[in-house]
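What follows is a short report on a single structure.
Keep in mind that this is a model prediction, so the values were computed, not measured.
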Amino acid sequence: RFTCPYHGWTYNQQGDLIGIASPDQYGQADKADLKLVAFPTYESAGLIWVVLDPASKIDIASFLGGLDQMLAGFDLASWSLYDQCTLAGANWKLAFDAHLEFYHLPVLHKETFGPRISNKAQYFFHGPHQRLGLMSEHPVEQNDLRNLGDVAESDWPLSSLLFGEWIVFPNVSLNCFTAGEQVMVVSQVFPGDTPDSSTTVQSYLVKNLPSEATKAELNEFVTFIKKIVGEEDLPMSRQQQKAISSGLMQKVHFGRNEAGLQQYHHWIERLVKGEKPDFFAAK
């Protein structure tokens, strides 16, 4: 049940009003007309998908186009929330751009982890959604799908099929790591009160609650990711915002190694223009 801490009205988990405090003093009320606001929701793959518009007519399952079935391999229903934080950023699209390419990694993150990894990504597009994986000079280490060409489909390892950063259009990223335990960082980027502001909500999920032996490593990892995003990625997005807001930049160029950004802004542009595309229509 949900009980209002102000007047004590009580609702069930379906949002129905089931109890009015001191009803004799309150007077007549039609409980059926006083339900909580309901949003379109869809539960699948251990996740609850919600559209924050009660009037939306979107069919969430159709919009995902089976992406949820792919994510089901993670078995997120059995994972636990370990930590969560909220970080301030620039325009929500700028704040989200850093999730869609690895070109910037060795430069922006040169003082942390950038020099140790590749700046190459391989992309897999699924309608407006996508997945990008880090391409290493040693693909075996990266669960690279290039390794599966000579392997029977029935023998494909799950780790290869689930690797990389999963992007749920238009504002969610799911990224898996190992830090003593399996960790998934779920980043949700929401527009702020003004066009040049946003908030990134980071949720850290763990496959298994840490033991005393792994807790220190897990905490160190969580602190590290918060630092990377909060002190490197998002401050850079605010610098980008200043440059774009000057009006002096007439164009923004995306290279061929930024295919995720090209795909993403292609879909944004179509929707802003008012198109109603069939996200999974044959090209």
Do any side-chain atoms of residues 248-262 form donor-acceptor pairs under 3.5 angstrom with protein atoms, and if so which ones, sequence neighbours left out?
from : atom 1 : to   : atom 2 : distance (Å)
Q250 : NE2    : G247 : O      : 3.1
E258 : OE1    : G255 : N      : 2.8
Q262 : NE2    : G255 : O      : 2.9

So does Q84 have more than 12 non-hydrogen atoms from other groups sitting under 6.0 Å from CD? yes
Out of curiosity, does L209 fall in the hydrophobic cluster containing V186 (side-chain heavy atoms, cut-off under 4.5 Å, transitive links)? yes
Taking W9 for the side chain and P5 for the main chain, is one N or O donor matched with an acceptor at less than 3.5 Å? no
Roughly how far, to the nearest 0.5 Å, is CG of L47 from OH of Y42? 10.5 Å
For Y82, check ring pair (Phe, Tyr, Trp, His ring centres under 6.0 Å) against everything at least two apart and list the hits. none
By salt bridge (charged side-chain N to carboxylate O under 4.0 Å, His left out), K227 pairs with (sequence neighbours left out) E231
Other cluster members, F190 - Ile/Leu/Val/Met/Phe/Trp/Tyr, side-chain contacts below 4.5 Å: V201
Mind listing the side-chain donor-acceptor pairs of residues 56-64 below 3.5 Å, one per line with the distance, residues two or more places apart or on another chain?
from : atom 1 : to  : atom 2 : distance (Å)
S56  : OG     : I58 : N      : 3.2
D59  : OD1    : A61 : N      : 3.4
D59  : OD1    : S62 : N      : 2.8
D59  : OD1    : S62 : OG     : 2.8

Intermediate values then yes/no, side chain to side chain contact (heavy atoms under 4.5 Å, CB included), V229 and L234: CA-CA 6 Å; V229 177; L234 292 178; 3.9 Å; yes
Pair E101, H104: side-chain N/O donor-acceptor within cut-off below 3.5 Å: yes
Please determine whether side chain to side chain contact (heavy atoms under 4.5 Å, CB included) holds for the pair L100 and E165, giving the CA-CA distance in whole Å, both sets of side-chain angles, and the decisive distance to 0.1 Å. CA-CA 9 Å; L100 299 165; E165 184 166 2; over 6 Å; no
Quick one: ring pair (Phe, Tyr, Trp, His ring centres under 6.0 Å) partners of F221, sequence neighbours excluded? F177
Quick one: does R238's side chain have a donor or acceptor within less than 3.5 Å of a partner on A88's backbone? yes
Report the distance from atom CD1 of I167 to atom CG of L174, rounding to the nearest 0.5 Å. 8.0 Å
Quick one, E269 with K273, criterion side chain to side chain contact (heavy atoms under 4.5 Å, CB included). Give me CA distance, side-chain angles, the key distance, then yes/no. CA-CA 6 Å; E269 184 177 12; K273 286 180 177 178; 3.4 Å; yes
Should Y264 and P170 count as side-chain neighbours, where that means a heavy-atom distance under 4.5 Å? yes
Would you check if the side chain of R270 reaches a backbone N or O of K276 as a donor-acceptor pair within less than 3.5 Å? no
Nearest 0.5 Å, please: how far is CG in L36 from CG in L17? 8.0 Å
Test salt bridge (charged side-chain N to carboxylate O under 4.0 Å, His left out) applied to K242 - qualifying residues, sequence neighbours left out: none
Starting from L134, can I reach L162 by hopping between I/L/V/M/F/W/Y residues whose side chains sit under 4.5 Å apart? yes
Please indicate whether Q14 has more than 12 foreign heavy atoms, meaning atoms of other residues, nucleotides or ligands, lying under 6.0 Å from its CD. yes
Has the side chain of Q69 got a donor or acceptor atom that lies under 3.5 Å from a matching backbone atom of A72? no
Tell me, do Q188 and T200 make a side-chain contact under 4.5 Å, heavy atoms counted? no
By salt bridge (charged side-chain N to carboxylate O under 4.0 Å, His left out), which residues pair with D83, not counting sequence neighbours? K226
Test item: N119 side-chain N/O and L105 main-chain N/O as donor-acceptor pair under 3.5 Å: no
Can S237 and D97 be said to form a side chain to side chain contact (heavy atoms under 4.5 Å, CB included), step by step? CA-CA 9 Å; S237 73; D97 275 358; over 6 Å; no
Separation of N12 CG from R1 CZ (nearest 0.5 Å): 8.5 Å
Establish whether I228 and M236 are linked, either directly or via other cluster members, by ILVMFWY side-chain heavy-atom contacts under 4.5 Å. no
In terms of hydrophobic clusters joined by side-chain contacts under 4.5 Å, are I244 and V272 together? yes
Same cluster for V172 and V185 if Ile/Leu/Val/Met/Phe/Trp/Tyr side chains link at under 4.5 Å? yes
I need the minimum non-hydrogen distance between W156 and V151, along with the two atoms involved. NE1-O, 3.0 Å
Inter-residue atom distance S22.OG - D24.CG, 0.5 Å rounding: 8.0 Å
Which pairs with one or both residues in residues 25-42 pass salt bridge (charged side-chain N to carboxylate O under 4.0 Å, His left out), sequence neighbours excluded? D16-K35
Would you indicate whether the side-chain heavy atoms of V183 and L205 approach each other to under 4.5 Å? no
Who pairs with E111 by salt bridge (charged side-chain N to carboxylate O under 4.0 Å, His left out), at least two apart in sequence or on another chain? none
Could you check if a side-chain atom of I20 sits within less than 4.5 angstrom of a side-chain atom of Y26, using non-hydrogen atoms only? yes
Could you pull out the closest heavy-atom pair between S187 and Q202, with the gap in Å? OG-CG, 3.9 Å
Is the shortest side-chain heavy-atom distance between Q130 and Y123 below 4.5 Å? yes
So, N175 versus S173: side-chain donor-acceptor pair below 3.5 Å or not? no
Assess the side chains of D233 and H99: does a donor N or O sit below 3.5 Å from an acceptor N or O? no
Does any part of the side chain of W166, heavy atoms only, come nearer than 4.5 Å to the side chain of M70, both counted from C-beta? yes
With a 6.0 Å cut-off (strictly less than), is the heavy-atom count around CG of D193, excluding the residue itself, greater than 12? no
Donor-acceptor check, side chain of S198 to backbone of A90, threshold 3.5 angstrom: yes or no? yes
Residue pair W49 / T41, side-chain heavy-atom distance below 4.5 Å: no
Is it true that a side-chain atom of T214 and a backbone atom of P210 form a donor plus acceptor pair closer than 3.5 Å? no
For L52, does the CG atom sit with more than 12 other heavy atoms under 6.0 Å from it, leaving out its own atoms? yes
Contacts of F2 that satisfy ring pair (Phe, Tyr, Trp, His ring centres under 6.0 Å) - sequence neighbours left out: none
Any donor-acceptor pair under 3.5 Å from H129 side chain to L67 backbone: no
Between V206 and Q182, is any pair of side-chain heavy atoms under 4.5 Å apart? no
Keeping W79 on the side-chain end and F74 on the backbone end, is there a donor-acceptor pair under 3.5 Å? yes
If you link I, L, V, M, F, W and Y whenever their side-chain heavy atoms are under 4.5 Å apart, who else ends up in the same group as Y6? none
Inter-residue atom distance F96.CZ - I268.CD1, 0.5 Å rounding: 9.5 Å
Side-chain ion pair, K207 and D75, N-O less than 4.0 Å: yes
Looking at every non-hydrogen atom in both residues, tell me the closest pair between W92 and P191 and how far apart they are. CD1-CG, 3.6 Å
